[in-house]
S.K.: 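Have a look at this one before I ask anything.
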Number of protein chains: 2
Amino acid sequence: MGTALAEMTMPQISPLAGEPIDRADAERLAGVLKALADPARLRLLSLIQSAPEGEACVCDLTAPLGLSQPTVSHHLRILTEAGLLEREKRGVWAFYRIVPAAIGTIADLLTPPRKRATKKSAR
Amino acid sequence: MGTALAEMTMPQISPLAGEPIDRADAERLAGVLKALADPARLRLLSLIQSAPEGEACVCDLTAPLGLSQPTVSHHLRILTEAGLLEREKRGVWAFYRIVPAAIGTIADLLTPPRKRATKKSAR
DNA sequence: CTGCGATATGCAGGCGGGTCGATGCTGTTG
DNA sequence: CAACAGCATCGACCCGCCTGCATATCGCAG
């Protein structure tokens with residue numbers, strides 16, 4: 001498990017597509033969104049993305065966030081399990097990097113006007 | 001108040017753009033994402049969007065959701081305050097409709113690769 | 001005016017989540 | 001081998017949120 005994202009990228013569900021999504025899909029999508037819906041975690045993603053090599057270790061993230069090291073590890077764990085981050089341990093350090101297509105996938109799931117096939121008229 | 005979305009659409013913040021977002025922007029974006037990060041609310045958006053006229057009243061939503069009427073009203077209130085839904089009262093009924101650009105705005109905020117201007121090199 | 005149906009609000013219970021301090025584990029350094 | 005640094009895990013506290021029940025409010029019908 002982990003990568004909760006992968007479990008719904010294939011079915012290509014979209015809450016705003018055609019018909020209502022079922023409970024299972026709603027809970028999966030909500031799960032990933034829950035991982036994103038936290039100021040600390042959004043800042044973590046932002047910090048990691050804007051880091052020199054696109055990666056950062058925990059010790060570089062605690063200070064700018066103003067949170068304790070266990071708390072930062074906790075958030076990184078949640079983001080990783082959601083499929084938004086990937087972890088690579090080099091020596092004593094654990095480097096986190098953003099999974100390239102992850103956020104984009106979520107953005108796509110929230111973007112309905114992708115297909116003009118469905119009527120929508122002139123509103 | 002209401003429309004928490006409007007308060008951050010102008011600054012055009014993006015957690016994955018160039019530099020790290022500050023605490024205020026992170027909290028604003030997290031606030032809107034929190035409104036989305038709930039199975040019941042995702043289903044509500046989906047149900048409303050796929051309704052005949054793109055709108056629905058509370059009485060039509062309680063049954064498919066399997067939640068009590070007060071709970072549904074509660075979720076609709078949260079979605080409305082987040083700027084994702086708009087409410088129109090006609091007679092005894094309250095009709096809810098999706099704010100067209102709302103979800104798209106969030107999707108855009110989560111879509112970084114829009115501008116190649118920022119270096120990114122070959123990683 | 002009285003009654004009824006549709007919503008919103010108040011209140012309370014219960015669960016999940018964010019945070020920290022303490023601790024354990026692993027790999028590096030001397 | 002001993003000491004130390006980086007990180008993950010554990011336990012606990014506290015707050016916020018989802019949910020339902022009861023109640024208030026508004027609009028319409030008779």
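A note on names: the letters A, B, ... follow the listed sequences, proteins ahead of strands, and every chain is numbered from 1. The figures that follow rest on heavy atoms only: side chains count, while hydrogens, waters and symmetry mates do not.
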S.K.: Within the distance-only criterion (no hydrogens, no angle test), does the side chain of B/Ser46 pair as donor or acceptor with the backbone N or O of B/Leu42 below 3.5 angstrom?
M.R.: no
S.K.: Shared ILVMFWY cluster between A/Val58 and A/Leu61, side chains joined below 4.5 angstrom?
M.R.: yes
S.K.: Distance check needed: D/dG6 P versus A/Gln69 CD, whole Å only.
M.R.: 10 Å
S.K.: Any base atoms under 4.0 Å from B/Tyr96, or only sugar-phosphate, or nothing? Heavy atoms, all strands.
M.R.: sugar-phosphate
S.K.: How close or far is atom P of D/dC7 from atom CD of A/Glu55, stated in whole angstroms?
M.R.: 12 Å
S.K.: What's the CH2-C1' distance between A/Trp93 and C/dT28, to the nearest Å?
M.R.: 8 Å
S.K.: What nucleic acid atoms does A/His75 come within less than 4.0 Å of, heavy atoms only: base, sugar-phosphate, or nothing?
M.R.: sugar-phosphate
S.K.: Quick one: on DNA chain D, does A/Ala94 or B/Ala40 contact a more 5' nucleotide (nearest heavy atom)?
M.R.: A/Ala94
S.K.: Base, sugar-phosphate or nothing for B/Arg90? Non-hydrogen atoms, less than 4.0 Å.
M.R.: nothing
S.K.: Output yes when at least one side-chain N/O atom of A/His74 is less than 4.0 Å from OP1 or OP2 of C/dG18, else no.
M.R.: yes
S.K.: Hey, is the side chain of A/Arg41 poking within less than 4.0 Å of OP1 or OP2 on C/dG18, counting only N and O atoms?
M.R.: yes
S.K.: Please answer whether the main-chain N or O of A/Ala94 pairs with a side-chain N or O of A/Arg87 as donor and acceptor at a distance below 3.5 Å.
M.R.: no
S.K.: Starting at CD of A/Glu88 and ending at C1' of D/dG6, how long is that distance when rounded to a whole Å?
M.R.: 16 Å
S.K.: Just the rounded figure in Å: distance from P of D/dC7 to NZ of A/Lys89.
M.R.: 8 Å
S.K.: Return no unless some side-chain N or O of B/Thr71 is found under 4.0 Å from OP1 or OP2 of D/dT19.
M.R.: no
S.K.: Generate the contact string for nucleotides 11-16 of chain D. Rules: B means base contact, S means sugar-phosphate contact only, - means no protein heavy atom under 4.0 Å.
M.R.: ------
S.K.: Pick base, sugar-phosphate or nothing for A/Ile78, based on heavy-atom distances below 4.0 Å to the nucleic acid.
M.R.: sugar-phosphate
S.K.: Give the nucleotide from the list D/dT9, D/dT19, D/dC7 with an atom nearest to the side chain of A/Pro70.
M.R.: D/dT9
S.K.: Could you check whether any side-chain N or O of B/Thr105 sits under 3.5 Å from a backbone N or O of B/Ala101, counting only pairs where one atom can act as donor and the other as acceptor?
M.R.: yes
S.K.: Between B/Arg87 (CZ) and C/dA6 (C1'), how many Å, whole number?
M.R.: 11 Å
S.K.: Apply side-chain contact (heavy atoms from CB on, under 4.5 Å) to residues B/His75 and B/Asp38 and explain how you reach the verdict.
M.R.: CA-CA 9 Å; B/His75 287 306; B/Asp38 182 277; 3.9 Å; yes
S.K.: Provide, to the nearest angstrom, the distance between the CG atom belonging to B/Leu67 and the P atom belonging to D/dC18.
M.R.: 11 Å
S.K.: Looking at A/Leu65, is its backbone amide N or carbonyl O close enough to the side chain of B/Arg23 to form a donor-acceptor pair, meaning the two atoms are under 3.5 Å apart?
M.R.: yes
S.K.: Heavy atoms only, 4.0 Å cut-off, all strands: where does B/Val92 land among base, sugar-phosphate and nothing?
M.R.: base
S.K.: Got a donor-acceptor contact below 3.5 angstrom from the B/Arg41 side chain to the B/Lys34 backbone?
M.R.: yes
